[in-house]
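Here's the structure, in structure tokens; my notes come after.
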Amino acid sequence: MRTSPSSSAQQARQGIAQRLREIRLDAGLTARAVAQMAGWHESKASKIEHGRTVPSEPDIRAWCTACGAEDQIPELVAASRAADLMYVEWKRLQKTGLRQLQLSKIKMYEQVKHFRVYCSNVIPGLFQTPAYAEALLSSIAAFREAPNDVAQAVAARVARARLLHEGNHRFAVLVEEWVLRSRIGSAEVMAGQLGHLLAVMSLPSVSLGVIPQDAQRLMWPVEAFNIFDDSLVQVELLTAEINVSQPSEIAQYVRGFNHMSELAVYGTAARQLIAAAISELG
């Protein structure tokens with residue numbers, strides 16, 4: 001099982017390792033004895049409780065059984081599964097296609113009150129046109145060799161846009177200026193997408209900022225991320241999605257978002273940048 005670069009996931013894993021060690025000590029057993037009773041190499045138990053080996057669910061069950069702590073199994077298995085969800089590879093999330101992943105996020109978006117998104121690569125999903133979403137998701141499905149259910153995934157993604165018009169939601173969006181010029185699909189697709197961006201930025205629920213390419217950077221460009229009500233951050237890497245729930249980490253993303261907000265232009269100035277990108281399409 002892979003370890004995660006996220007400190008939230010690391011702390012969760014360390015908590016599980018510490019709890020397993022406490023269970024062993026309460027049982028009056030050595031790490032070597034636990035390994036022997038579980039049928040493992042004698043060093044495995046030590047590696048697990050020192051965080052060098054991530055225990056699988058069967059490992060947790062074997063450990064607790066050896067220590068006579070079967071009642072601890074459900075809680076530890078649940079904690080392990082939660083830690084797994086903090087760092088999830090796209091190939092796991094998209095193994096059955098892209099549609100299910102889009103559907104799985106609907107409830108999260110419905111519940112959020114203050115949604116902040118920074119995009120350094122593409123137009124954010126909530127603001128994508130069907131044509132742009134189709135071009136983007138088609139390239140993602142091809143790159144990740146996922147089952148091709150792009151049409152259904154596009155429909156699910158575009159359906160989320162209704163939240164821009166209903167409910168008590170606020171959407172603060174930051175995009176780098178080069179996102180406006182990074183051509184996803186044809187020139188016609190991009191023109192339609194940028195025109196749509198001009199339309200949605202006038203909605204009362206939306207604040208759209210564009211960070212000019214010539215801005216004096218006090219905050220460097222980083223990976224795309226979404227902030228849900230100061231309670232969760234989702235970071236999009238090339239290979240995986242990181243779910244950050246550790247308050248100290250969330251605070252850093254909020255701080256980074258605020259710094260980049262100061263670099264962005266809004267209103268008429270943002271519209272001018274979008275219009276300029278449209279005119280360059282010819």
Side-chain angles (χ1 to χ4, degrees), residues 1-6 8-9 12-13 54 56-58 74 77-167 169 171 173 179 184-185 189 193 196 200 223-229 231-245 250 253:
M1 186 180 299
R2 291 181 179 269
T3 57
S4 168
S6 166
S8 292
R13 286 293 178 198
V54 177
S56 64
E57 290 187 19
V77 166
S80 179
R81 291 177 180 176
D84 280 348
L85 292 176
M86 293 180 183
Y87 180 87
V88 190
E89 292 186 351
W90 292 117
K91 65 180 181 182
R92 173 179 165 189
L93 289 170
Q94 298 170 342
K95 64 182 180 181
T96 60
L98 278 62
R99 174 179 177 272
Q100 188 55 44
L101 177 60
Q102 299 301 315
L103 292 174
S104 69
K105 293 180 178 291
I106 289 178
K107 187 174 182 179
M108 183 184 305
Y109 280 89
E110 288 176 338
Q111 293 176 341
V112 69
K113 298 301 181 183
H114 187 197
F115 177 72
R116 283 161 285 185
V117 54
Y118 164 76
C119 274
S120 55
N121 43 20
V122 297
I123 301 296
L126 277 172
F127 304 93
Q128 293 175 7
T129 63
Y132 183 95
E134 181 179 5
L136 177 61
L137 293 178
S138 293
S139 65
I140 290 173
F143 179 78
R144 295 189 178 134
E145 299 179 335
N148 191 338
D149 60 351
V150 169
Q152 296 87 343
V154 168
R157 170 168 287 192
V158 172
R160 288 206 305 257
R162 63 181 171 77
L163 298 173
L164 299 174
H165 306 273
E166 63 183 44
H169 308 284
F171 302 93
V173 186
V179 170
I184 304 294
V189 167
Q193 175 60 70
H196 179 67
V200 297
E223 64 279 354
F225 62 86
N226 303 321
I227 306 175
F228 296 83
D229 288 332
S231 60
L232 175 70
V233 175
Q234 289 189 333
V235 186
E236 299 181 359
L237 305 181
L238 177 64
T239 58
E241 175 183 85
I242 296 179
N243 293 281
V244 177
S245 57
I250 292 174
Y253 278 100

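Contact check for F171 versus V200: no side-chain heavy atoms found under the 4.5 Å cut-off. At least one side-chain heavy atom of K107 sits less than 4.5 Å from a side-chain heavy atom of Q111. Within the 4.5 Å cutoff, the side chain of I227 has no heavy atoms near those of the V117 side chain. By the 4.5 Å heavy-atom criterion applied to side chains, I242 and Q234 are not counted as neighbours. Within the 4.5 Å cutoff, side-chain heavy atoms of V244 are placed close to those of I250. Counting heavy atoms from C-beta outward, L98 and I140 have side chains that approach closer than 4.5 Å. The side-chain heavy atoms of N226 and Y118, taken from C-beta on, include no pair separated by under 4.5 Å. Using a 4.5 Å heavy-atom threshold, the side chains of L93 and W90 count as touching.
Annotation: the span from S139 atom OG to R144 atom CZ amounts to 9.0 Å, rounded to 0.5 Å. Going from atom CG of D149 over to atom CD of Q102 covers 9.5 Å, rounded to the nearest 0.5 Å. Once rounded to the nearest 0.5 Å, the distance linking OG of S231 with NZ of K113 reads 12.5 Å. Atom CD of Q94 is separated from atom CD of Q100 by 12.0 Å, given to the nearest 0.5 angstrom. Annotation: the span from I184 atom CD1 to T129 atom OG1 amounts to 11.0 Å, rounded to 0.5 Å.
Closest approach of V179 to C119, counting heavy atoms only: CG2-O, 3.8 Å. Smallest separation of non-hydrogen atoms from E223 and Y253: OE2-OH, 3.4 Å. R160 approaches L126 most closely through the heavy-atom pair O-CD2, 3.5 Å. Counting all heavy atoms, side chain and backbone alike, A224 lies closest to S120 at N-OG, 3.9 Å. The minimum heavy-atom distance between L103 and A156, with the atom names listed, is CD2-CB, 3.8 Å. Between V158 and Q128, the shortest heavy-atom contact is CG2-O, 4.4 Å.
Of the possible donor and acceptor atoms, one in the side chain of S104 sits under 3.5 Å from a partner among the backbone N and O of L101. In this structure, D229 contributes its side chain and H114 its backbone to a donor-acceptor pair below 3.5 Å. Between the side chain of H169 and the main chain of V112, a donor-acceptor pair closer than 3.5 Å is present. Judged purely by atom type and a 3.5 angstrom limit, S138 has no side-chain atom pairing as donor or acceptor with the backbone of A135. Side-chain atoms of Y132 come within 3.5 Å of backbone N or O of I123 as a donor-acceptor pair. No side-chain donor-acceptor contact under 3.5 Å links E89 to the backbone of T239.
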Item to check | CA sep, side-chain torsions, deciding dist, call: V122, L136, side chain to side chain contact (heavy atoms under 4.5 Å, CB included) | outcome: CA-CA 9 Å; V122 297; L136 177 61; 4.0 Å; yes

Checklist entry - Given M108 and L232, is the side chain to side chain contact (heavy atoms under 4.5 Å, CB included) satisfied, shown in steps? => result CA-CA 10 Å; M108 183 184 305; L232 175 70; 4.0 Å; yes

Next on the checklist: Applying salt bridge (charged side-chain N to carboxylate O under 4.0 Å, His left out) to E134 and R157, what does each step give before you reach the verdict?
Outcome noted: CA-CA 10 Å; E134 181 179 5; R157 170 168 287 192; over 6 Å; no

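By the ring pair (Phe, Tyr, Trp, His ring centres under 6.0 Å) test, F228 pairs with Y109, F115, sequence neighbours left out. Every residue meeting the salt bridge (charged side-chain N to carboxylate O under 4.0 Å, His left out) condition with R116, not counting sequence neighbours, appears here in chain and number order: D230.
The pair R162-E110 meets the salt-bridge criterion, since a charged nitrogen lies less than 4.0 angstrom from a carboxylate oxygen.
For residues 231-243, every residue pair satisfying the salt bridge (Lys or Arg N to Asp or Glu O under 4.0 Å) rule, not counting sequence neighbours, is listed here: K105-E241.
More than 12 heavy atoms of other residues, nucleotides or ligands lie within 6.0 Å of CD in E166, so this atom counts as buried by the packing criterion.
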